[in-house]
Q: 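After the structure tokens below, expect a handful of questions from me.
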Amino acid sequence: MSSVVRQRQSLMFRARSYTGFVIMPRPPIVEWLADLDASLEQSKGFFAGHPIVVDLSSVTLSVNAITQLLASLEERNIRILGIEGLDPAATAPGLPPILRGGRNTQSVELLPDVEPIAVTPAAPKPQQPSLLVEDPVRSGQTVVFIDGDVTVLGSVGSGAEIVAGGSIHIYGTLRGRAMAGATGNARARIFCHRVEAELLAIDSFYKTAEDIDESLRRGPAQAWLEGNTLRISALN
Amino acid sequence: MAHVVVVTSGKGGVGKTTSTAAMGAALAQHGEKVVVIDFDVGLRNLDLVLGAERRVVFDLINVITGVAKLSQALIRDKRVENLHLLPASQTRDKDALTDEGVAKVIDELRGKFDWIICDSPAGIERGATLAMRHADAAIIVTNPEVSSVRDSDRIIGLLDSKTVKAENGERVEKHLLITRYHPSRAARGEMMTIEDVLEILSTPLLGIIPESEEVLRASNIGSPVTLSNALSAPARAYFDAARRLRGEVVPMIVPSENKGIFNKLFGRKAA
């Protein structure tokens, strides 16, 4: 018999930001609701299934009035995720949480269209991170960079590995392994000044040295995915 | 200021111990105070190559564990009085080496010698990593063939990451010593050329030691080749390499055995 002691796992919390729509009621609330109804008439389901935040900075409402406003929005299929512009002291247990620190991305107008084209929330333009390796990568060393592209100024030795979430650029000779698009990015590519690679892989499709056309070896080359086939061609 | 130099390669049998003995002796013949340390605990050889095997009483492990003082373990060479050997233990294994122990011994030697040359064991395990740990410079011994070159590439990577210098953001000065080179075989394509090796390793060249029976003969009589036959081709190549290590600029040529009657005459006499 063995006794199992359960170790308590450490909990991890992550902070993440998302894009949501903000609606801003203006007094008088009754007229504002009527305007909203008119707009919704033109594009039904615009708000359905999307995270909506209500900004109360233009109005002064009691807890009761806020509860009523939320109920009216709920009737129109607008579910409120959080409240902005409300004094934390003025909130009550039943209300959605108060949000702060929001940044504007781009304002969206209600379009007179049934299909919610404009719904695609404009995500903040993501930065393109990349890693620059200035020294040769020696046999036995591994460079892993999941967040983006890897550029190596020197050579990658036989028995060395480069793993990138994005594309891989090697300005020296690639004698080791290069694995691009490691997070499932089929559009990633591998470029090298001189290919003598042991293995090339993009999004888990690979070719070993044996499968690389002899005519390409020792020359500049690129590799990319075409469907489920890894293609290699000379770069000239 | 003392220079701590590791002689390393990754692969075995490429000539680390031979090169340690020859370079150590060559530097000592130039008048420098030199100690060579055998880090190959359990498989020591440097004592044999230096012909000191019958004078070993205490060794590196004895010094680390405090059984003997450093001065008791150091063996002075009978031919060149500036050359000293700190032998390895043949009976213990590499686990007896500790980082603190090695650091203490090297620190103590820094005060006594101009050059501290550490003969690394093959491989990348404890003995090899501790031999390179405190180095200011490294001599990477490589044969012109693919497996040796790849292992050297691996060792260069370790020199850039696992040494005290690397951890402090500094760089270990690296020198490439190509041994067992055969110019005619390289020309026929039976061996990698010097250019191929340098292209792959991108490390400055310290010297090219030609393949020679003199090296084997020297090992068998327990003498560094620079002492047993100072005019032979490998000995001249080691002397040139030692001068480059001291910072002199010496043109890179591969000395050959049969060049001129002068060398021939003297070569025979000294043998």
Side-chain angles (χ1 to χ4, degrees), chain A residues 131-146 150-164 168-179 190-201 208-212 214-221 234-235, chain B residues 6 8-12 14 120 122-126 128-129 132 135 138-163 165-176 189 192-205:
Chain A
L131 177 73
L132 177 66
V133 181
E134 294 192 50
D135 296 315
V137 183
R138 303 289 183 176
S139 181
Q141 293 180 330
T142 306
V143 175
V144 182
F145 188 68
I146 291 303
V150 174
T151 306
V152 182
L153 290 187
S155 293
V156 176
S158 158
E161 271 181 2
I162 310 286
V163 182
I168 298 176
H169 310 260
I170 296 163
Y171 286 89
T173 306
L174 171 60
R175 299 190 180 86
R177 299 161 160 235
M179 288 164 257
I190 300 169
F191 305 89
C192 59
H193 185 62
R194 190 176 147 116
V195 61
E196 292 177 31
E198 291 166 346
L199 182 136
L200 296 173
T208 58
E210 284 207 332
D211 304 321
I212 300 172
E214 192 57 34
S215 64
L216 295 171
R217 293 190 81 82
R218 284 175 267 284
L235 265 182
Chain B
V6 61
T8 185
S9 71
K11 192 174 183 297
V14 296
S120 170
I124 51 173
E125 272 78 45
R126 194 177 184 81
T129 49
M132 69 169 66
I139 297 174
I140 299 127
V141 182
T142 305
N143 290 167
E145 48 99 16
V146 283
S147 56
S148 172
V149 170
R150 181 161 76 181
D151 289 0
S152 294
D153 196 38
R154 177 94 165 96
I155 283 290
I156 295 169
L158 295 178
L159 286 166
D160 284 337
S161 59
K162 294 283 163 68
T163 52
K165 278 220 154 189
E167 284 168 11
N168 291 338
E170 294 169 76
R171 283 197 158 233
V172 173
E173 196 182 296
K174 293 179 287 283
H175 307 277
L176 188 65
M192 285 175 85
T193 63
I194 301 292
E195 291 71 37
D196 288 342
V197 177
L198 290 178
E199 209 265 315
I200 292 176
L201 294 179
S202 47
T203 298
L205 187 59

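Chain letters run A, B, ... following the sequence lines, proteins first, then strands; residues in each count from 1. Computation of the quantities below employed the complete heavy-atom set of this structure, encompassing side-chain atoms and omitting hydrogens, waters and symmetry-equivalent molecules.
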Q: Are there more than 12 heavy atoms of other residues, nucleotides or ligands under 6.0 Å from atom CD of A/E210?
A: no

Q: Take A/E196 and B/I200 through the side-chain contact (heavy atoms from CB on, under 4.5 Å) test and state the conclusion after the steps.
A: CA-CA 11 Å; A/E196 292 177 31; B/I200 292 176; over 6 Å; no

Q: Which residues in residues 152-162 of chain B have any heavy atom closer than 4.5 Å to a heavy atom of chain A?
A: B/D153, B/R154, B/I156, B/G157

Q: Is any side-chain N of the basic residue among B/E199 and A/R218 closer than 4.0 Å to the acidic one's carboxylate O?
A: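 Not counted as a salt bridge, because no side-chain N and carboxylate O are separated by less than 4.0 Å.
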
Q: When only pairs under 4.5 Å are counted, which of A/P136, A/G140, A/S155 shares the most heavy-atom pairs with chain B?
A: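 It is A/G140.
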
Q: Which region of A/S158, side chain (C-beta onward) or backbone (N, CA, C, O), has a non-hydrogen atom less than 4.5 Å from a non-hydrogen atom of chain B, or is it both or neither?
A: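 Interface part for A/S158: both.
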
